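Shown next, in C-alpha coordinates, is the structure this report addresses.
Positions are given from 1, in the same order as the sequence printed here. The model shown is predicted, which means the values in this text are computed figures rather than measured ones. Atom set for the values below is all heavy atoms of this structure, side chains included, hydrogens, waters and symmetry mates excluded.
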Amino acid sequence: MQNIWIAFFGVVLLTACTRVNSCELAVLDGNVVLNSSKVQPKCRFKQDQTGQLSAAAKFTSALTHQTPNVKINRLSQNQALQSCNIDATQDSLTCTFNGKSDHFTLTNTVKQGKIASTSWQDDDYVYLGWMTKAEVLMGYITFGTLNKRSAPFFIPASQFCQYGLSSYIIDLGKSDSLCQNHEGFWSHSRLLPLPQPCKQPQQMIQDKGGIWALEFIESSYQWRICRYNDNAGSLLAAYEYSIDLKATLARYGLQPSDYTQLTFLTNGDTNAIANAVEIDNVFPVSDITPNLDPQTIELPIQQLQYKLTKLD
(Lines give C-alpha, C1' and ligand atoms only; values in the text may rest on other atoms or scores of the structure.)
Protein backbone atom coordinates (compact mmCIF):
# COMPACT_ATOMS: atom_id res chain seq x y z
CA MET A 1 0.00 0.00 0.00
CA GLN A 2 1.42 3.37 -1.01
CA ASN A 3 1.62 6.41 1.21
CA ILE A 4 0.53 9.52 -0.67
CA TRP A 5 1.62 13.02 0.19
CA ILE A 6 1.41 16.33 -1.60
CA ALA A 7 4.32 18.75 -1.54
CA PHE A 8 3.10 22.17 -2.63
CA PHE A 9 4.62 24.28 0.17
CA GLY A 10 2.60 27.36 -0.68
CA VAL A 11 3.52 27.39 -4.36
CA VAL A 12 0.72 28.81 -6.48
CA LEU A 13 -0.30 26.25 -9.10
CA LEU A 14 -0.76 27.29 -12.69
CA THR A 15 -4.24 26.86 -14.09
CA ALA A 16 -4.74 23.96 -16.45
CA CYS A 17 -5.24 26.25 -19.42
CA THR A 18 -1.83 27.90 -19.02
CA ARG A 19 0.97 26.55 -21.19
CA VAL A 20 4.11 26.24 -19.11
CA ASN A 21 6.22 25.95 -22.23
CA SER A 22 8.92 27.93 -20.49
CA CYS A 23 11.95 27.05 -22.63
CA GLU A 24 12.46 29.13 -25.75
CA LEU A 25 15.09 29.89 -28.34
CA ALA A 26 16.41 33.43 -28.55
CA VAL A 27 19.42 35.24 -29.98
CA LEU A 28 22.20 36.78 -27.89
CA ASP A 29 24.93 38.75 -29.66
CA GLY A 30 24.24 36.91 -32.91
CA ASN A 31 24.16 33.41 -31.41
CA VAL A 32 21.15 31.26 -30.54
CA VAL A 33 20.67 30.56 -26.83
CA LEU A 34 18.16 28.60 -24.79
CA ASN A 35 16.24 30.73 -22.31
CA SER A 36 13.38 30.48 -19.83
CA SER A 37 10.37 32.42 -21.11
CA LYS A 38 8.17 32.14 -18.02
CA VAL A 39 8.54 30.17 -14.79
CA GLN A 40 10.47 27.03 -13.85
CA PRO A 41 12.37 25.20 -15.23
CA LYS A 42 15.11 27.78 -15.59
CA CYS A 43 16.56 26.63 -18.89
CA ARG A 44 19.41 29.02 -19.56
CA PHE A 45 22.17 27.82 -21.89
CA LYS A 46 24.46 29.52 -24.37
CA GLN A 47 26.87 28.34 -27.08
CA ASP A 48 30.55 27.93 -26.46
CA GLN A 49 33.20 28.56 -29.12
CA THR A 50 32.46 25.21 -30.79
CA GLY A 51 28.71 25.82 -30.91
CA GLN A 52 27.91 23.40 -28.08
CA LEU A 53 25.40 24.39 -25.41
CA SER A 54 26.60 25.00 -21.86
CA ALA A 55 24.90 26.35 -18.75
CA ALA A 56 24.80 30.12 -18.24
CA ALA A 57 24.26 31.87 -14.91
CA LYS A 58 22.63 34.88 -16.55
CA PHE A 59 22.57 36.84 -19.79
CA THR A 60 24.12 40.27 -19.63
CA SER A 61 22.87 41.51 -23.01
CA ALA A 62 19.32 41.88 -24.27
CA LEU A 63 17.84 38.86 -26.05
CA THR A 64 16.19 39.19 -29.43
CA HIS A 65 13.62 36.93 -31.04
CA GLN A 66 12.74 35.88 -34.53
CA THR A 67 11.45 38.63 -36.82
CA PRO A 68 7.90 38.01 -38.12
CA ASN A 69 7.21 37.68 -41.83
CA VAL A 70 6.37 41.23 -42.97
CA LYS A 71 5.32 40.23 -46.50
CA ILE A 72 1.93 38.92 -45.40
CA ASN A 73 -0.78 39.72 -42.85
CA ARG A 74 -3.45 37.70 -41.15
CA LEU A 75 -7.08 38.22 -42.18
CA SER A 76 -9.48 37.75 -39.29
CA GLN A 77 -12.26 35.20 -39.54
CA ASN A 78 -14.82 37.96 -39.02
CA GLN A 79 -13.43 39.90 -41.99
CA ALA A 80 -13.53 36.76 -44.11
CA LEU A 81 -17.11 35.90 -43.12
CA GLN A 82 -18.28 39.44 -43.83
CA SER A 83 -16.57 39.47 -47.23
CA CYS A 84 -17.82 36.09 -48.51
CA ASN A 85 -21.12 34.41 -49.20
CA ILE A 86 -21.64 30.67 -49.70
CA ASP A 87 -24.44 29.66 -52.09
CA ALA A 88 -25.15 26.04 -51.20
CA THR A 89 -27.70 25.66 -54.01
CA GLN A 90 -25.13 26.64 -56.63
CA ASP A 91 -22.13 25.14 -54.84
CA SER A 92 -20.31 28.42 -55.18
CA LEU A 93 -18.48 30.95 -53.06
CA THR A 94 -18.59 34.66 -53.79
CA CYS A 95 -16.11 36.97 -52.08
CA THR A 96 -15.51 40.70 -52.32
CA PHE A 97 -12.10 41.96 -51.24
CA ASN A 98 -10.92 45.55 -51.74
CA GLY A 99 -13.83 46.29 -54.07
CA LYS A 100 -13.29 43.29 -56.35
CA SER A 101 -15.79 40.40 -56.44
CA ASP A 102 -14.96 36.88 -57.59
CA HIS A 103 -16.76 33.55 -57.75
CA PHE A 104 -15.25 30.19 -56.90
CA THR A 105 -16.98 26.90 -57.72
CA LEU A 106 -16.93 24.52 -54.77
CA THR A 107 -15.87 21.19 -56.25
CA ASN A 108 -16.38 17.86 -54.51
CA THR A 109 -12.99 18.25 -52.85
CA VAL A 110 -13.98 21.36 -50.91
CA LYS A 111 -17.82 21.31 -51.13
CA GLN A 112 -18.42 20.13 -47.58
CA GLY A 113 -16.35 22.85 -45.98
CA LYS A 114 -16.45 26.28 -44.40
CA ILE A 115 -14.30 29.36 -43.84
CA ALA A 116 -11.41 28.64 -41.48
CA SER A 117 -10.06 30.76 -38.66
CA THR A 118 -6.73 31.21 -40.51
CA SER A 119 -6.66 33.41 -43.60
CA TRP A 120 -3.96 35.65 -45.10
CA GLN A 121 -3.54 38.63 -47.40
CA ASP A 122 -0.67 40.35 -49.20
CA ASP A 123 -0.44 42.98 -51.91
CA ASP A 124 -1.53 40.58 -54.66
CA TYR A 125 -3.84 37.98 -53.12
CA VAL A 126 -6.23 37.10 -50.34
CA TYR A 127 -5.78 33.51 -49.16
CA LEU A 128 -9.10 32.41 -47.67
CA GLY A 129 -8.63 29.52 -45.24
CA TRP A 130 -10.99 26.61 -45.93
CA MET A 131 -11.60 23.75 -43.49
CA THR A 132 -13.77 20.67 -43.13
CA LYS A 133 -16.85 20.59 -40.94
CA ALA A 134 -14.61 18.94 -38.35
CA GLU A 135 -12.39 22.05 -38.54
CA VAL A 136 -9.41 20.41 -40.24
CA LEU A 137 -7.69 22.89 -42.56
CA MET A 138 -7.94 21.73 -46.18
CA GLY A 139 -6.20 24.67 -47.79
CA TYR A 140 -6.71 28.21 -49.09
CA ILE A 141 -9.05 29.57 -51.77
CA THR A 142 -7.00 32.35 -53.32
CA PHE A 143 -8.51 35.55 -54.71
CA GLY A 144 -6.49 38.09 -56.70
CA THR A 145 -6.57 41.79 -55.85
CA LEU A 146 -7.63 44.52 -58.30
CA ASN A 147 -4.35 44.35 -60.22
CA LYS A 148 -4.60 40.55 -60.62
CA ARG A 149 -6.92 39.22 -63.32
CA SER A 150 -6.40 35.52 -62.59
CA ALA A 151 -9.40 33.45 -61.54
CA PRO A 152 -9.58 32.20 -57.93
CA PHE A 153 -7.66 28.99 -57.33
CA PHE A 154 -7.15 26.48 -54.51
CA ILE A 155 -3.90 25.89 -52.60
CA PRO A 156 -3.75 22.60 -50.58
CA ALA A 157 -2.77 23.07 -46.93
CA SER A 158 0.40 21.04 -47.54
CA GLN A 159 1.69 23.79 -49.86
CA PHE A 160 1.28 26.68 -47.40
CA CYS A 161 5.03 27.18 -47.04
CA GLN A 162 5.63 27.37 -50.81
CA TYR A 163 3.31 30.40 -50.89
CA GLY A 164 4.75 32.00 -47.75
CA LEU A 165 1.54 31.63 -45.73
CA SER A 166 3.19 31.85 -42.32
CA SER A 167 3.99 34.38 -39.62
CA TYR A 168 7.54 33.02 -39.38
CA ILE A 169 9.75 31.89 -42.27
CA ILE A 170 13.42 30.90 -42.60
CA ASP A 171 14.76 31.30 -46.13
CA LEU A 172 17.03 28.38 -47.03
CA GLY A 173 17.89 29.62 -50.50
CA LYS A 174 17.21 27.93 -53.87
CA SER A 175 13.45 28.58 -53.38
CA ASP A 176 13.38 26.41 -50.24
CA SER A 177 12.21 27.58 -46.84
CA LEU A 178 11.07 26.52 -43.40
CA CYS A 179 7.71 27.80 -42.15
CA GLN A 180 5.57 27.60 -39.03
CA ASN A 181 2.08 26.30 -39.83
CA HIS A 182 -1.32 27.27 -38.39
CA GLU A 183 -0.90 24.67 -35.61
CA GLY A 184 2.42 26.12 -34.49
CA PHE A 185 4.70 23.41 -35.94
CA TRP A 186 7.55 23.97 -38.40
CA SER A 187 7.98 22.13 -41.69
CA HIS A 188 9.96 22.26 -44.93
CA SER A 189 8.44 23.89 -48.01
CA ARG A 190 9.05 20.68 -49.99
CA LEU A 191 7.79 18.55 -47.09
CA LEU A 192 11.26 17.11 -46.52
CA PRO A 193 11.52 15.57 -43.02
CA LEU A 194 13.74 17.33 -40.53
CA PRO A 195 16.64 15.21 -39.24
CA GLN A 196 15.66 13.50 -36.00
CA PRO A 197 15.19 13.70 -33.08
CA CYS A 198 13.25 16.97 -33.62
CA LYS A 199 10.21 15.86 -35.64
CA GLN A 200 7.72 18.70 -35.16
CA PRO A 201 9.48 21.66 -33.54
CA GLN A 202 7.40 24.57 -32.29
CA GLN A 203 10.27 27.02 -32.69
CA MET A 204 13.15 27.43 -35.13
CA ILE A 205 15.75 30.20 -35.32
CA GLN A 206 18.76 30.72 -37.58
CA ASP A 207 22.13 32.15 -36.63
CA LYS A 208 25.56 32.26 -38.28
CA GLY A 209 26.27 28.68 -37.16
CA GLY A 210 23.15 27.07 -38.58
CA ILE A 211 19.50 26.53 -37.71
CA TRP A 212 18.21 25.61 -34.25
CA ALA A 213 14.96 23.81 -33.46
CA LEU A 214 13.09 23.39 -30.17
CA GLU A 215 10.39 20.76 -29.65
CA PHE A 216 8.27 20.39 -26.50
CA ILE A 217 7.13 16.80 -25.79
CA GLU A 218 3.90 16.99 -23.79
CA SER A 219 3.78 13.29 -22.94
CA SER A 220 7.02 13.46 -20.95
CA TYR A 221 7.17 17.19 -20.27
CA GLN A 222 10.62 17.63 -21.77
CA TRP A 223 12.28 19.45 -24.65
CA ARG A 224 14.41 18.37 -27.60
CA ILE A 225 16.91 20.81 -29.04
CA CYS A 226 18.44 20.28 -32.47
CA ARG A 227 21.11 22.19 -34.34
CA TYR A 228 21.16 21.80 -38.13
CA ASN A 229 23.40 23.07 -40.90
CA ASP A 230 22.30 26.14 -42.87
CA ASN A 231 19.86 24.25 -45.12
CA ALA A 232 18.44 22.08 -42.30
CA GLY A 233 19.49 18.94 -44.15
CA SER A 234 22.04 17.64 -41.64
CA LEU A 235 21.97 17.34 -37.87
CA LEU A 236 25.01 18.91 -36.20
CA ALA A 237 24.03 18.34 -32.56
CA ALA A 238 21.04 17.27 -30.49
CA TYR A 239 20.13 17.71 -26.83
CA GLU A 240 17.41 16.66 -24.44
CA TYR A 241 16.25 18.90 -21.61
CA SER A 242 14.48 16.40 -19.38
CA ILE A 243 13.33 15.86 -15.81
CA ASP A 244 16.09 15.03 -13.36
CA LEU A 245 14.04 12.69 -11.21
CA LYS A 246 16.79 11.93 -8.71
CA ALA A 247 17.48 15.61 -8.05
CA THR A 248 13.77 16.42 -7.86
CA LEU A 249 13.06 13.75 -5.23
CA ALA A 250 16.22 14.42 -3.22
CA ARG A 251 14.77 17.77 -2.11
CA TYR A 252 12.11 15.80 -0.23
CA GLY A 253 14.41 13.08 1.14
CA LEU A 254 13.20 10.57 -1.44
CA GLN A 255 14.68 8.50 -4.24
CA PRO A 256 13.20 6.74 -7.28
CA SER A 257 12.97 2.99 -7.69
CA ASP A 258 12.95 0.74 -10.75
CA TYR A 259 9.15 0.99 -10.75
CA THR A 260 8.78 4.75 -10.41
CA GLN A 261 6.38 6.33 -12.89
CA LEU A 262 5.26 9.90 -13.53
CA THR A 263 1.63 10.84 -14.14
CA PHE A 264 1.01 14.39 -15.34
CA LEU A 265 -2.17 15.96 -13.95
CA THR A 266 -4.35 18.43 -15.85
CA ASN A 267 -7.43 18.90 -13.64
CA GLY A 268 -9.48 16.66 -15.91
CA ASP A 269 -8.80 18.63 -19.11
CA THR A 270 -7.07 16.22 -21.50
CA ASN A 271 -6.12 19.05 -23.88
CA ALA A 272 -4.36 21.15 -21.24
CA ILE A 273 -0.72 21.24 -20.26
CA ALA A 274 -0.14 19.59 -16.87
CA ASN A 275 0.05 21.79 -13.81
CA ALA A 276 1.15 19.03 -11.44
CA VAL A 277 2.82 15.63 -11.52
CA GLU A 278 2.27 12.50 -9.45
CA ILE A 279 5.40 10.40 -8.85
CA ASP A 280 4.76 6.91 -7.47
CA ASN A 281 6.87 4.07 -6.09
CA VAL A 282 9.43 6.30 -4.40
CA PHE A 283 11.26 5.59 -1.14
CA PRO A 284 13.18 7.48 1.53
CA VAL A 285 16.80 8.13 0.61
CA SER A 286 17.86 6.23 3.71
CA ASP A 287 16.63 2.83 2.57
CA ILE A 288 14.70 0.69 0.09
CA THR A 289 13.66 -2.63 1.59
CA PRO A 290 11.05 -5.20 0.58
CA ASN A 291 9.14 -4.49 3.78
CA LEU A 292 8.98 -0.73 3.25
CA ASP A 293 5.78 0.63 1.68
CA PRO A 294 6.39 2.74 -1.44
CA GLN A 295 5.28 6.33 -1.37
CA THR A 296 3.61 8.63 -3.90
CA ILE A 297 4.34 12.34 -4.03
CA GLU A 298 2.43 15.01 -5.91
CA LEU A 299 4.32 18.14 -6.98
CA PRO A 300 3.49 21.28 -8.91
CA ILE A 301 5.24 21.33 -12.28
CA GLN A 302 7.38 24.25 -11.13
CA GLN A 303 9.14 22.04 -8.57
CA LEU A 304 10.59 19.64 -11.14
CA GLN A 305 14.36 19.77 -11.58
CA TYR A 306 15.81 19.46 -15.10
CA LYS A 307 19.08 18.52 -16.75
CA LEU A 308 20.51 19.05 -20.23
CA THR A 309 21.91 15.95 -21.93
CA LYS A 310 23.71 15.85 -25.24
CA LEU A 311 22.46 13.00 -27.41
CA ASP A 312 24.79 10.77 -29.41
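- Under the 3.5 Å distance criterion, with hydrogens and angles disregarded, no donor-acceptor pair is assigned to the side chains of Ser76 and Asn78.
- Counted by atom type alone, Gln47 and Asp207 present one or more donor-acceptor pairs between their side chains at under 3.5 Å.
- With hydrogens and angles disregarded, a donor-acceptor distance shorter than 3.5 Å links the side chain of Trp130 to the backbone of Val110.
- More than 12 heavy atoms of other residues, nucleotides or ligands shown are found within 6.0 angstrom of CD on Gln77.
- The aromatic ring centroids of Phe153 and Phe104 lie 6.0 Å or more from each other.
- Counting only residues at least two apart or in different chains, ring pair (Phe, Tyr, Trp, His ring centres under 6.0 Å) contacts with residues 46-100 comprise Phe97-Phe143.
- Rounded to the nearest 0.5 angstrom, Ile279 CD1 and Phe264 CZ are separated by 8.0 Å.
- Gln222 CD to Ile243 CD1: the interatomic distance, rounded to the nearest 0.5 Å, is 7.5 Å.
- Ring centroids of Tyr306 and Trp223 are separated by less than 6.0 Å, placing the two rings close together.
- Two residues are said to be in side-chain contact when any heavy atoms from C-beta on lie closer than 4.5 Å; Tyr125 and Leu165 fail this criterion.
- Judged as a side chain to side chain donor-acceptor pair (under 3.5 Å), not a single pair has a partner in residues 158-173 (not counting sequence neighbours).
- Side chain to side chain, Gln52 and Tyr239 meet the donor-acceptor criterion of an N or O pair below 3.5 Å.
- Contact record, Asn147 with Asp123: OD1-O, 4.2 Å, taken as the closest heavy-atom pair.
- For residues 81-147, the disulfide bond (SG atoms under 2.5 Å apart) pairs, not counting sequence neighbours, are Cys84-Cys95.
- At least one donor-acceptor pair closer than 3.5 Å links the side chain of Arg44 to the backbone N or O of Ala57.
- The minimum heavy-atom distance between Ile217 and Arg224, with the atom names listed, is CD1-NH1, 3.4 Å.
- Residues Tyr228 and Leu235 come closest through the heavy atom pair CE2-CD1, 3.6 Å.
- Here the side chains of Thr118 and Arg74 are in contact, with some heavy-atom distance below 4.5 Å.
- Within the structure, the side chain to side chain donor-acceptor pair (under 3.5 Å) test picks out no pair touching residues 131-144 (sequence neighbours left out).
- Under the 3.5 Å distance criterion, the side-chain polar atoms of Asn229 are matched with a main-chain donor or acceptor of Gly233.
- A distance-only check finds a donor-acceptor pair linking the side chain of Gln203 to the backbone of Leu25 [under 3.5 Å].
- A donor-acceptor contact shorter than 3.5 Å is absent between the side chain of Asn98 and the backbone of Thr145.
- Partners of Lys100 according to the salt bridge (Lys or Arg N to Asp or Glu O under 4.0 Å) rule, which considers only residues two or more places apart in sequence or in another chain, are Asp102.
- Without hydrogens or angle criteria, Thr96 side chain to Ser83 main chain gives no donor-acceptor distance under 3.5 Å.
- In this structure, the separation between OG1 on Thr296 and CG on Asn281 is 6.5 Å, given to the nearest 0.5 Å.
- Remark: of the listed residues Gln202, Glu215, Met204, Gln202 is the sole one forming a side-chain contact (heavy atoms from CB on, under 4.5 Å) with Phe185.
- A donor-acceptor contact closer than 3.5 angstrom is absent between the side chains of Asp29 and Asn31.
- The closest donor-acceptor contact from the side chain of Thr105 to the backbone of Thr107 lies at 3.5 Å or more, if one exists at all.
- In plain terms, the two heavy atoms of Ser119 and Gly129 that are nearest each other are OG-N, 2.8 Å.
- Neither side chain, His103 nor Ser92, offers a donor N or O lying under 3.5 Å from an acceptor on the other.
- Of the inter-residue distances, the one linking Leu128 atom CG with Ile155 atom CD1 reads 11.0 Å to the nearest 0.5 angstrom.
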Checklist line | Intermediate values then yes/no, side chain to side chain contact (heavy atoms under 4.5 Å, CB included), Ile170 and Ile211 | finding: CA-CA 9 Å; Ile170 296 176; Ile211 296 171; 4.2 Å; yes
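- Sequence neighbours left out, the pairs with a member in residues 190-201 that pass salt bridge (charged side-chain N to carboxylate O under 4.0 Å, His left out) are Asp176-Arg190.
- Glu278 places no side-chain N or O within 3.5 Å of a backbone atom of Thr263 that could act as its donor or acceptor partner.
- Using modelled atom types and a 3.5 Å distance limit, the side chains of Tyr127 and Asp122 yield a donor-acceptor pair.
- Between the OG1 atom of Thr50 and the CG atom of Leu236 there is a distance of 11.5 Å, given to the nearest 0.5 Å.
- Put simply, NZ on Lys111 and CG on Asp91 are 4.0 Å apart, with the number rounded to the nearest 0.5 Å.
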